[in-house]
Amino acid sequence: MPEPTEPDTGAAVQPGRVAAFFDVDNTIIRGASSFHLAVGLYRRGFFRSSDIVRFAGHQARYLAFGENRQQIDEVRERALEIMQGRSVAEVVAIAEDIYDEVLSLRIFPGTQRLLDQHLRAGHQVWLVTATPVEIADIIARRLGATGAIGTVAEHREGFYTGRLVGDLLHGKAKASAVRALAERQGVDLSQSFAYGDSTNDVPILSEVGFPCAINPDGRLRRHAAEVGWPVREFRGRRNATRRGVDAATVAGSAWVLGLVVRAVRRALRARWEGR
C-alpha cells in the first residue's frame, strides 16, 4: 500500500491551527486497549476470573464485528464498579506497564507513520477515545502526540468514586469534545483531519475537512464509499485479516481460559492447605 499523503491545506493556514484526531482502538492499536488494561489489573488482583472472561468475550466480539454500544455500556458499568475505591496512582502505574508489555506491540505501523507525518507537518495530534483518559494520556505521550481526550472516571483525594465525569466519550460525545477542543486551541476544523474505524466514529469524521476511515468495519466502509471518504487498510489483505482475527480470537479465548483454570486451582489449593 502506498504511503498515505495529505491534501494541500493551503499556505494561508498556519500548521498549528491544523489538527489530526485519531481514534485509538482498531485505528492505532489492534483490538480494545481497555481489555488489555483489564487483563493487567486482573493479574494484580483487581478483577475476578468471571470478570476477565466477560471482558474477553467482549474483546472477541469487538475484533470480529466491531463496536456495539450495549456491550460497551455493560463493560463500563462493571469496570466502574470494580474501580471504586482504587488508587488513581496505582492504576496509572499499571497502565504504564501494560503499554510497555502489550500495547506498544499492537500498534499498526501504518497508523504510526501517518501520525508521525502529521507531527512533522507541525499539526496538533490528538487521540480521541472512549478508553479511560489515564491510558489514553499514556498512549498519546508515548507516541509523541499533543494530547488525548478520553472517558473521565471521577476521583476524589486520589481514589476512584465509581462514577463518570460526564458520559462515556463515544459517538456524538467525541464530536462535541473535538469542537470544544478546537475552540480552546484555535484549531480550524475545516482544514483538519480525523481517523476512525467504525460507524461510531462518523460524528468525529464529519467534523473535519479531511476525514479518513482506517481499518473500517463493514458499515463504515460502506458509508465511506457512499460519501467519498478515503479508506486506509493497515491490517493487510482483508481475507488474511479475517483468518488472523479468527485465530487471535481462538488463541485469546484459550489463553483467558488458562488464566481462569490456574486461578481456580490456586484457590482450591489454598483452601485445601488451609484445612
Side-chain angles (χ1 to χ4, degrees), residues 1 4 20-38 55-76 79 103 106-108 110-112 114-115 125-133 135-136 139-140 145 148-151 167-179 192-208 210-242 244-246 248-249 252:
M1 176 177 293
F21 302 99
F22 286 81
D23 173 53
V24 172
D25 295 345
N26 267 353
T27 302
I28 294 177
I29 291 173
R30 186 183 300 277
S33 53
S34 294
F35 168 71
H36 298 294
L37 177 62
F55 295 153
H58 287 302
Q59 165 80 342
R61 287 194 294 273
Y62 175 60
L63 283 170
F65 305 113
E67 290 180 322
N68 177 290
R69 181 57 193 255
Q70 180 179 352
Q71 293 172 12
I72 290 172
D73 286 343
E74 290 175 4
V75 171
R76 177 198 64 184
L103 299 183
R106 301 181 68 84
I107 294 172
F108 291 108
T111 310
Q112 173 81 74
L114 185 56
L115 187 151
V125 174
W126 292 87
L127 309 191
V128 187
T129 176
T131 295
V133 70
I135 194 166
I139 296 171
I149 311 172
T151 298
D167 197 7
L168 187 74
L169 198 69
H170 194 260
K172 293 181 180 179
K174 279 188 178 182
S176 297
V178 163
R179 288 194 299 270
S192 293
F193 303 75
Y195 304 93
D197 73 291
S198 81
T199 49
N200 294 305
D201 294 316
V202 168
I204 185 176
L205 292 169
S206 300
E207 287 291 328
V208 299
F210 303 105
C212 179
I214 290 183
N215 307 327
D217 62 21
R219 289 178 297 174
L220 179 57
R221 188 177 295 274
R222 289 190 294 272
H223 182 79
E226 291 171 1
V227 300
W229 290 346
V231 172
R232 301 292 182 187
E233 182 59 70
F234 295 137
R235 296 171 295 189
R237 291 185 298 111
R238 294 186 70 191
N239 289 340
T241 299
R242 175 74 272 156
V245 168
D246 291 341
T249 298

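Atoms considered below: every heavy atom in the structure, side chains included; atoms not considered: hydrogens, waters and symmetry mates.
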Q) Side chains of Ile135 and Leu103: does their closest heavy-atom pair fall under 4.5 Å? A) yes

Q.
Are Ser198 and Asn26 packed together at the side-chain level, in the sense that at least one heavy-atom pair is separated by less than 4.5 angstrom?
A. no

Q | Side-chain touch Cys212/Arg232, heavy atoms, less than 4.5 angstrom | A | yes

Q | Parallel, tilted or perpendicular: ring planes of Phe22 versus Tyr195, cut at 30 and 60 degrees | A | parallel

**Q.** Interatomic distance, Arg106 atom CZ to Asp25 atom CG [nearest 0.5 angstrom]
**A.** 10.5 Å

Q: Could you please spell out the steps behind the side-chain contact (heavy atoms from CB on, under 4.5 Å) verdict for Phe108 and Leu114?
A: CA-CA 10 Å; Phe108 291 108; Leu114 185 56; over 6 Å; no

**Q.** Any donor-acceptor N/O pair, Asp197 side chain to Ile214 backbone, under 3.5 Å
**A.** no

Q | Distance, nearest 0.5 Å, that separates OG1 of Thr131 from NE2 of His170 | A | 10.0 Å

Q: For Pro211 and Trp229, work out which heavy atoms get closest and say how close.
A: CG-NE1, 3.2 Å

Q. Can you name the residues that form a side-chain hydrogen bond (donor to acceptor under 3.5 Å, both in side chains) with Thr111, not counting sequence neighbours?
A. none

Q) So, Thr151 side chain and Leu169 main chain: donor-acceptor pair closer than 3.5 Å or not? A) yes

**Q.** Non-neighbouring partners of Arg179 that pass side-chain contact (heavy atoms from CB on, under 4.5 Å), sequence neighbours left out
**A.** Ala175, Ser176, Leu189, Glu207

Q: For Ala140, check side-chain contact (heavy atoms from CB on, under 4.5 Å) against everything at least two apart and list the hits.
A: Leu127, Ala145, Ala148

Q.
Taking side chain to side chain contact (heavy atoms under 4.5 Å, CB included) as the criterion, tell me which of Ile139, Ile28, Leu115 meets it with Ile107.
A. Ile28

Q) Does any N or O in the side chain of Thr129 come within less than 3.5 Å of the main-chain N or O of Gly150, such that one atom is a donor and the other an acceptor? A) no

(Q) Could you work out, with side-chain contact (heavy atoms from CB on, under 4.5 Å) as the rule, every residue matching Ala194, not counting sequence neighbours? (A) Phe21, Ile204, Leu205, Val208

**Q.** For Ala213 against Ala224, the heavy-atom pair lying closest together
**A.** CB-CB, 4.5 Å

